[in-house]
Amino acid sequence: MSSSTAFFFFLVNVSLLLTLSSAADPFVSYDFEVSYITASPLGVPQQVIAINKKFPGPTINVTTNNNVAVNVRNKLDESLLLHWSGIQQRRSSWQDGVLGTNCPIPSKWNWTYQFQVKDQIGSFFYFPSLHLQRAAGGFGGFIINNRPIIPIPFDTPYDDIVVFIGDWYTRNHTDLRKALDDGKDLGMPDGVLINGKGPYRYNDTLVPDGIDYETIEVHPGKTYRLRVHNVGVSTSLNFRIQSHNLLLAETEGSYTVQQNYTSLDIHVGQSYSFLVTMDQNASSDYYIVASARFVNESRWQKVTGVAILRYTNSKGKAHGPLPPAPDDQFDKTYSMNQARSIRWNVSASGARPNPQGSFRYGSINVTEIYVLKNKLPEKINGKRRATVSGISFVNPSTPIRLADQYKLKGVYKLDFPTKPITGPPRAETSIINGTYRGFMEVILQNNDTKMHTYHMSGYAFFVVGMDYGDWSENSRGTYNKWDGIARTTAQVYPGAWTAILVSLDNVGVWNLRTENLDSWYLGQETYVRVVNPEVTNKTELPIPDNALFCGALSKLQKPQVIASAASPINGNTLKLFFTWLIICAWIHIFQ
């Protein structure tokens, strides 16, 4: 056999190998250009953050275990990080996109996130995590589908529809940030957007003329999966569709026991999947509504998002009053009981939490307990700050995970208290020392007057209990130890507590925060540091080759690395390259 022929067959073998490896864990690549555009979602021109000139941004649609590469080009006039809310970043907190793990992407630079959506399914979203930027947009959907061999626990819907709801201000995010820096509240939002658009003019007094609204067109008789995300600043919203039932099927990566709701409260940062069958007559269009909750509803009437559901054979416009929100002004348990009714489908197939090899989380011994209490903002060193257990988090100039990698001292304190401190509040970089493979119980106590939702990166936690009043050890008698929902973001009602259980099996540094943007910006967060005492790369991936450096490590940063950054070579690119080489070799041999 000639050397040319041997080389030809070598290339064939390499190409086959790449095909097989790509089939096992395919690469999916996206290019995001993050920039400002001018838009008028509530009729007032303002600066909005768009991705690829779109607001909301494009949906990332992948399958369990896919490798995902997102090349982000920052065309804003300030630094940027994209956070993949609910994506667990197994073994790689390097890719989480928050200040505790990542240096920001400077203005005019680009950086490529690379991670695997390992052992996850469900409905999530991404958003910019710095500088209150989410209040200006920059968010988009993130869908993880089951692998084809794993059945979903319902008939395949006719189509997927992603719906973003959220309160909205007509002031730029920089103005909102200045208000918080000056010690002020943000005040009542100017409205609610649905998919980046303002309300349909259902009321001539409340809704001005000329506002662009969202229309969702559907086929009669078909069932759709609506993936609904509250991407707002701080307002809980009640979601409903006129004359249609919402069959809850999944929330943030966990299939639920399927139950019908006429409406559901969706709190800031939360995501739900509903199966909606288009079983009504087509005499007119139908209202889709997202209205503010736990506020003075008469004063907040304009803080209502309205879109239109239109059957393809619709005969007229939607008309009449909006479908009513729950009438529970004097029944503070209604919404909480609704939240308690959301249960985990323990018989469904698919990727799901499996702590310590047992789906029976209620039988696992708790190894550490943290009671985290928040309350009204207060002054610390003359500045208005928000706290968790009396500590307002200060982001270090060098990210925590990066400091660990380079063994820097004094960047943070590993001394976050297990119970709220009794002295005056402090502003410092104090984080939780989590035990690898431990089983942590966290009680979230909300002594503020408004609703809070808490999110934990890196994990799905089990929501095992919630009630009004102060939590006590006797409260454990009310825990759901069998089918409490596993999710990434849980609401804590004002004057109430929520208890979660989490298996610390994911090495890294993980953000634990309120999703209310104003309180998060003012310091209501901390991190959980989980380290494997055995030095091994099996439980954590190495620092990425394109890691950014800042703070005490800024001298390590090479600008040319970023200037030349581009999308990584994925499986398809490599296969094309080797196919080209094979063709060249073939021509060389047989010419």
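Given the structure is predicted, the values throughout are model-derived calculations rather than measurements.
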Inset, instruction - Show the numbers, then the answer: is there a ring pair (Phe, Tyr, Trp, His ring centres under 6.0 Å) between Phe416 and Tyr527? - result: CA-CA 9 Å; Phe416 197 91; Tyr527 284 81; over 10 Å; no
Inset, instruction - Run the numbers on Glu540 and Arg401 for salt bridge (charged side-chain N to carboxylate O under 4.0 Å, His left out), then give the verdict. - result: CA-CA 12 Å; Glu540 186 177 26; Arg401 184 64 197 87; 2.9 Å; yes
Are the side chain of [X] and the backbone of [Y] linked by a donor-acceptor contact shorter than 3.5 Å?
| X | Y | value |
| --- | --- | --- |
| Thr59 | Phe142 | no |
| Asn516 | Met451 | yes |
| Asp328 | Tyr334 | no |
| Tyr169 | Leu176 | no |
| Asn74 | Pro106 | yes |
| Ser389 | Lys373 | yes |
| Gln557 | Ser554 | no |
| Glu33 | Val72 | no |

[atom1]-[atom2] distance between [X] and [Y], expressed to the nearest 0.5 angstrom:
| X | Y | atom1 | atom2 | value |
| --- | --- | --- | --- | --- |
| Ile165 | Gln270 | CD1 | CD | 10.0 Å |
| Leu80 | Lys108 | CG | NZ | 11.5 Å |
| Ile380 | Ser392 | CD1 | OG | 4.5 Å |

ring-ring contact (aromatic ring centres under 6.0 Å, His included) involving [X] - partner list, sequence neighbours excluded:
| X | result |
| --- | --- |
| Tyr454 | none |
| Phe164 | Phe139, His229 |
| Tyr272 | none |
| Tyr436 | none |

So, [X] and [Y], do they make that salt bridge, N to O below 4.0 Å?
| X | Y | value |
| --- | --- | --- |
| Arg227 | Glu252 | no |
| Lys178 | Asp182 | yes |
| Arg513 | Glu525 | no |
| Arg437 | Asp505 | no |
| Arg487 | Glu250 | no |

Residue pairs fulfilling salt bridge (Lys or Arg N to Asp or Glu O under 4.0 Å) with at least one residue in [range], sequence neighbours excluded:
| range | value |
| --- | --- |
| residues 380-395 | Asp185-Arg384 |
| residues 36-47 | none |
| residues 457-466 | none |

Inset, instruction - Kindly state each residue pair satisfying side-chain hydrogen bond (donor to acceptor under 3.5 Å, both in side chains) with at least one member in residues 462-471, sequence neighbours excluded. - result: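 Listed by first then second residue: Arg340-Asp467, Gln445-Asp470, Trp471-Tyr479.
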Inset, instruction - Give every residue pair that meets the side-chain hydrogen bond (donor to acceptor under 3.5 Å, both in side chains) criterion with at least one member in residues 37-52, sequence neighbours excluded. - result: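 Listed once each, the pairs are Gln46-Trp168.
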Please verify the inter-ring angle class for [X] with [Y]; under 30° counts as parallel, over 60° as perpendicular, anything in between as tilted.
| X | Y | answer |
| --- | --- | --- |
| Trp344 | Tyr361 | tilted |
| Tyr126 | Phe32 | tilted |
| Phe127 | Trp520 | perpendicular |

Legend entry - Partners passing side-chain hydrogen bond (donor to acceptor under 3.5 Å, both in side chains) against Ser457 (at least two apart in sequence or in another chain):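 So Ser457 forms a side-chain hydrogen bond (donor to acceptor under 3.5 Å, both in side chains) with Asp96.
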Legend entry - Qualifying residue for side chain to side chain contact (heavy atoms under 4.5 Å, CB included) with Trp510, from Arg529, Gln89, Gln88: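 Of the listed residues Arg529, Gln89, Gln88, the side chain to side chain contact (heavy atoms under 4.5 Å, CB included) partner of Trp510 is Gln89.
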Legend entry - Among Val295, Asp167, Val192, side chain to side chain contact (heavy atoms under 4.5 Å, CB included) partner for Trp300: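 That would be Val295; it is the only one of Val295, Asp167, Val192 passing the side chain to side chain contact (heavy atoms under 4.5 Å, CB included) with Trp300.
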Inset, instruction - For Thr498, check side-chain contact (heavy atoms from CB on, under 4.5 Å) against everything at least two apart and list the hits. - result: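 Thr498 satisfies side-chain contact (heavy atoms from CB on, under 4.5 Å) with Val463, Met466, Ala490, Val492, Ile500 only.
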Legend entry - Set of side-chain contact (heavy atoms from CB on, under 4.5 Å) partners for Ser263, sequence neighbours left out: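 Applying side-chain contact (heavy atoms from CB on, under 4.5 Å) to Ser263 gives Asn238, Arg240, Pro326.
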Legend entry - Sole candidate of Phe125, Phe124, Phe115, Tyr30 that passes ring-ring contact (aromatic ring centres under 6.0 Å, His included) when paired with Trp84: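 Among the candidates, only Phe115 passes.
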Legend entry - Distance-only donor-acceptor check, side chains Asp415 and Ser430, under 3.5 Å: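 There is such a pair between these side chains.
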Inset, instruction - Work out which heavy atom in Cys550 is nearest to a heavy atom in Ser397; give both atom names and the distance. - result: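 Minimum heavy-atom separation between Cys550 and Ser397: SG-O, 3.5 Å.
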